[in-house]
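Note sheet for the following structure.
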Amino acid sequence: MDNQKKGRFVGEVPLKWFLLLHLSLIVNSLAGTASKLAGQHEFLSFGFIFWYGVMLLITMAFAVAWQQILKHMSLTFAFTNKPVTIIWGLIWGVMIFHETLTWKMLLGSVIILTGIIVGVSDTVDPAGQKETAGPAEEKV
């Protein structure tokens, strides 16, 4: 393994920044949980304001972290990882709210994740050259 690839995830992103990306995504997924907790309280009650404030703090912290993380990887790579928050949302629903995980929820999550991965994955043109997926263009 050469020095350029050492410590890198998938050849592009240093492992440290990949892990920080996922940690920030886990924290960001908690914003939805805080929002749901706020919704369980009467509007403008202490509980509502507290959980709404927690949601705002999480969102602001994620915004700062996201900007720092994007300095170390492409936006496309970061966005392909962002849907992991769907999975964390399901986990928080089961663990915190004791929701029942259904096969429809799992199927929907798989469809969303697959669509995003396919939408941003690399494609190979008929000549065998690698190109990034983008808007469909007619080739002559």
Side-chain angles (χ1 to χ4, degrees):
M1 179 183 290
D2 63 3
N3 287 338
Q4 274 190 326
K5 299 289 182 184
K6 192 173 184 179
R8 299 211 172 247
F9 182 77
V10 193
E12 176 189 347
V13 178
L15 183 59
K16 168 187 165 184
W17 288 102
F18 177 78
L19 293 174
L20 287 172
L21 169 66
H22 278 268
L23 178 62
S24 73
L25 292 171
I26 291 168
V27 170
N28 186 47
S29 71
L30 290 169
T33 302
S35 176
K36 190 169 183 172
L37 288 168
Q40 293 177 346
H41 295 275
E42 187 176 330
F43 183 64
L44 295 182
S45 67
F46 175 78
F48 176 86
I49 292 171
F50 175 79
W51 288 112
Y52 190 75
V54 169
M55 182 202 64
L56 289 175
L57 286 173
I58 290 170
T59 303
M60 288 186 284
F62 175 74
V64 171
W66 181 254
Q67 293 303 312
Q68 297 307 308
I69 289 166
L70 286 180
K71 291 178 181 179
H72 301 277
M73 66 186 68
S74 70
L75 182 61
T76 303
F77 185 85
F79 263 109
T80 57
N81 286 271
K82 205 164 187 220
V84 76
T85 58
I86 294 169
I87 303 303
W88 284 108
L90 293 174
I91 292 169
W92 302 140
V94 170
M95 289 177 57
I96 296 170
F97 300 106
H98 308 290
E99 296 174 348
T100 303
L101 191 60
T102 66
W103 69 270
K104 289 180 182 180
M105 294 164 82
L106 291 173
L107 179 62
S109 297
V110 167
I111 290 170
I112 292 168
L113 292 171
T114 302
I116 291 169
I117 290 168
V118 167
V120 297
S121 65
D122 290 342
T123 60
V124 177
D125 71 6
Q129 294 181 344
K130 194 175 183 181
E131 61 183 42
T132 57
E137 296 178 10
E138 190 173 311
K139 295 193 181 201
V140 180

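This one's a predicted model, so the numbers in the text were calculated from it and none came from an experiment.
Residues Met55 and Ile96 are members of separate hydrophobic clusters, defined by side-chain heavy-atom contacts under 4.5 angstrom among Ile, Leu, Val, Met, Phe, Trp and Tyr. By the criterion of side-chain heavy atoms lying less than 4.5 angstrom apart, applied directly or through intervening Ile, Leu, Val, Met, Phe, Trp or Tyr residues, Ile69 is grouped together with Leu15 in one hydrophobic cluster.
With sequence neighbours left out, the side chain to side chain donor-acceptor pair (under 3.5 Å) criterion links Lys36 to Glu99. For Leu57, the side-chain contact (heavy atoms from CB on, under 4.5 Å) criterion is met by Met60, not counting sequence neighbours. With sequence neighbours left out, the side chain to side chain donor-acceptor pair (under 3.5 Å) criterion links Thr85 to no other residue. In terms of the side-chain contact (heavy atoms from CB on, under 4.5 Å) criterion, residue partners of Leu75 (sequence neighbours excluded) are, by chain and number, Trp66, Leu70, Phe79.
Contact between Trp17 and Met73 at its shortest, heavy atoms only, is O-CE, 3.6 Å.
Around the CZ atom of Phe48, the shell of radius 6.0 Å holds more than 12 heavy atoms that belong to other residues, nucleotides or ligands. Within 6.0 Å of atom CD in Gln40, more than 12 heavy atoms from other residues, nucleotides or ligands are found, so the atom counts as buried in its surroundings.
The OH atom of Tyr52 sits 14.0 Å away from the OG atom of Ser45 when rounded to the nearest 0.5 Å. Atom CE of residue Met95 and atom CH2 of residue Trp88 lie 8.0 Å apart, to the nearest 0.5 angstrom. The distance from atom CD1 of Ile58 to atom CH2 of Trp51, rounded to the nearest 0.5 Å, is 8.5 Å. Atom CD1 in Ile49 sits 8.5 Å away from atom CZ in Phe43 (nearest 0.5 Å).
Annotation for Val94: hydrophobic cluster partners, listed by chain and number, are Leu90, Leu101, Met105, Leu106 (ILVMFWY side-chain heavy atoms under 4.5 Å, direct or chained).
Checking side-chain atoms of Ser35 against main-chain N and O of Ala31 turns up no donor-acceptor pair under 3.5 Å.
Side-chain contact between Trp92 and Leu30 is present, with heavy atoms from C-beta onward closer than 4.5 Å.
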Using atom types as modelled, flag every donor-acceptor pair under 3.5 Å from a side chain in residues 18-26 to any protein atom, sequence neighbours excluded.
residue: His22; atom: NE2; partner: Asn81; partner atom: OD1; Å: 2.8
residue: Ser24; atom: OG; partner: Leu20; partner atom: O; Å: 3.4
residue: Ser24; atom: OG; partner: Leu21; partner atom: O; Å: 2.7

